[in-house]
Amino acid sequence: MSTLADLKTRIVAETARDDLETDIPDVLLYHIQDACEFYADTKFWFNSILTTVATTANVATVTIPSTVRIIERLTLPAYDMELSEVTAYGLPETTTPTIPSHYAYYNDNIRFYPTPDAAYTLNVYGIAKVAAPAVDADTSIWTNEASRLIAAHARMTLLRDVFDANDDQIAKANGAVTDWLRRLKRETARRLRTPLRSTRWDNVTFNYLTG
């Protein structure tokens with residue numbers, strides 16, 4: 001497993017700037033962390049997540065799981081149904097509690113309509129919340145599956161914002177970013193595509209588990 005230290009070594013080698021680690025190590029770290037944050041909302045096969053959350057009877061909201069950055073779908077597998085997302089302002093006034101059919105983001109929570117009348121377990125599909133690496137020993141998707149993209153993006157912003165490189169150098173570095181992002185998106189599309197022949201088993205569940 002690659003680490004933050006390995007990622008730094010790659011960037012130093014590809015920029016041919018040894019002073020990155022000796023003179024301005026904090027700047028190198030900041031640009032790596034900024035690159036991770038830049039792509040944190042982008043869906044890849046390696047940051048897709050499937051987790052669960054449970055409602056409470058007569059309580060309209062639940063806390064978004066700490067492992068989830070973005071919710072893409074909410075389903076009630078026990079009832080073979082998917083909840084529809086609306087804006088918080090689009091939720092009607094609550095009615096008699098029953099099985100929820102809609103949800104909205106509300107103050108960093110999930111708010112349901114109607115208010116649940118019992119404890120329901122929902123499947124949460126989305127993009128995982130993965131912290132940017134902070135110390136050299138840290139290892140995660142950012143230093144492994146996404147390492148080439150993060151290195152390319154950090155190298156580009158270093159050339160642009162720190163080393164005052166010329167336009168051709170910046171454009172060349174940005175081309176590498178585009179190439180690696182395109183490659184990861186192509187692989188993501190391949191891994192997460194819906195099978196042509198559907199089965200009774202929820203295709204979304206299949207996609208997330210096999211992705």
Side-chain angles (χ1 to χ4, degrees), residues 1-53 63-72 108 124-193 206-211:
M1 299 289 284
S2 297
T3 64
L4 173 60
D6 298 322
L7 189 56
K8 289 179 178 178
T9 298
R10 174 183 290 278
I11 296 170
V12 170
E14 292 179 347
T15 54
R17 295 291 301 250
D18 292 338
D19 55 339
L20 272 173
E21 283 195 298
T22 58
D23 297 342
I24 50 174
D26 288 343
V27 171
L28 174 58
L29 176 61
Y30 295 154
H31 280 256
I32 290 172
Q33 292 177 330
D34 286 350
C36 296
E37 178 63 23
F38 189 87
Y39 295 104
D41 291 342
T42 304
K43 184 179 179 64
F44 300 109
W45 84 89
F46 47 78
N47 66 353
S48 297
I49 188 172
L50 166 58
T51 187
T52 61
V53 68
T63 301
I64 296 173
S66 61
T67 54
V68 176
R69 183 179 177 97
I70 294 176
I71 295 174
E72 296 180 319
D108 294 325
V124 181
Y125 302 91
I127 296 176
K129 183 185 294 184
V130 183
V135 298
D136 283 351
D138 282 350
T139 181
S140 70
I141 59 172
W142 302 126
T143 63
N144 287 278
E145 290 88 348
S147 63
R148 300 300 293 269
L149 174 63
I150 298 303
H153 190 98
R155 186 170 67 252
M156 181 271 293
T157 56
L158 283 164
L159 289 172
R160 184 191 64 195
D161 303 335
V162 179
F163 299 135
D164 196 24
N166 60 50
D167 290 345
D168 287 343
Q169 290 174 309
I170 296 172
K172 184 177 180 180
N174 197 49
V177 175
T178 301
D179 287 345
W180 281 109
L181 180 58
R182 183 182 296 119
R183 179 172 180 175
L184 290 179
K185 283 181 172 286
R186 184 171 63 243
E187 180 66 10
T188 295
R190 184 187 71 81
R191 289 179 179 244
L192 300 186
R193 67 176 179 266
F206 176 83
N207 287 339
Y208 273 80
L209 292 178
T210 57

#### Entry: Closest non-hydrogen atom pair between P133 and I32, with its separation
CG-CG2, 4.3 Å
### Query
When you look at CG of D108, are more than 12 heavy atoms from neighbouring residues, nucleotides or ligands closer to it than 6.0 Å?
no
### Query
What residues form a ring pair (Phe, Tyr, Trp, His ring centres under 6.0 Å) with H153, not counting sequence neighbours?
F38, Y39
### Task
Begin with the C-alpha distance, continue with both residues' side-chain angles, and end with the deciding distance and a verdict on side chain to side chain contact (heavy atoms under 4.5 Å, CB included) for D138 and T143.
CA-CA 8 Å; D138 282 350; T143 63; 5.8 Å; no
### Query
Looking only at heavy atoms, which two atoms of A131 and S140 are closest? And how far apart?
O-OG, 4.3 Å
### Task
Applying side chain to side chain contact (heavy atoms under 4.5 Å, CB included), run through V135 and L4 and close with a yes or a no.
CA-CA 7 Å; V135 298; L4 173 60; 5.5 Å; no
### Query
Out of curiosity, L192 CG to E187 CD, how far, rounded to the nearest 0.5 Å?
9.5 Å
### Non-hydrogen side-chain atoms of L28 and V12 separated by less than 4.5 Å
yes
### Task
Please confirm whether the backbone N or O of W45 pairs with a side-chain atom of T188, one donor and one acceptor, at under 3.5 Å?
yes
### Message
Less than 3.5 Å apart, any donor N or O on the side chain of S48 or K43 sitting next to an acceptor on the other?
### Response
yes
### Query
When rounded to the nearest 0.5 angstrom, what is the spacing between OG1 in T157 and NE2 in H31?
5.0 Å
### Query
What heavy-atom pair brings I170 and R160 nearest, and what distance separates the two atoms?
CD1-CA, 3.7 Å
## Note on the structure
Here the gap from M156 atom CE to L158 atom CG, rounded to the nearest 0.5 Å, amounts to 9.5 Å
### Task
Looking only at non-hydrogen atoms, find the nearest pair between A173 and L159 and report the distance.
CB-CD1, 3.7 Å
### Task
Any chance you could measure D167, atom CG, to K172, atom NZ, to the nearest 0.5 Å?
15.0 Å
### Query
Do any N or O atoms from the side chain of T15 and from the backbone of I11 form a donor-acceptor pair under 3.5 angstrom?
yes
### Query
Counting only heavy atoms not in N166, do more than 12 sit closer than 6.0 Å to its CG atom?
yes
### Query
Roughly how far, to the nearest 0.5 Å, is CD1 of I150 from CZ of R155?
12.0 Å
### Query
Looking at T63 and V53, what are the two nearest heavy atoms and their distance?
O-CG2, 4.0 Å
### Task
Dump the intermediate steps for side-chain hydrogen bond (donor to acceptor under 3.5 Å, both in side chains) on T3 and D6, then the final yes or no.
CA-CA 5 Å; T3 64; D6 298 322; 3.2 Å; yes
#### Entry: Backbone N/O of S2 and side chain of N144: donor-acceptor pair under 3.5 Å
yes
### Side-chain donor or acceptor of R182 paired with backbone N/O of D179 under 3.5 Å
no
## Note on the structure
Rounding to 0.5 Å, atoms CG (N47) and OG1 (T42) come to a distance of 8.0 Å
### Message
Does any part of the side chain of F46, heavy atoms only, come nearer than 4.5 Å to the side chain of V130, both counted from C-beta?
### Response
no
### Message
Ignoring hydrogens, what is the shortest heavy-atom contact between K8 and D136? Give both atom names and the distance.
### Response
NZ-OD1, 2.8 Å
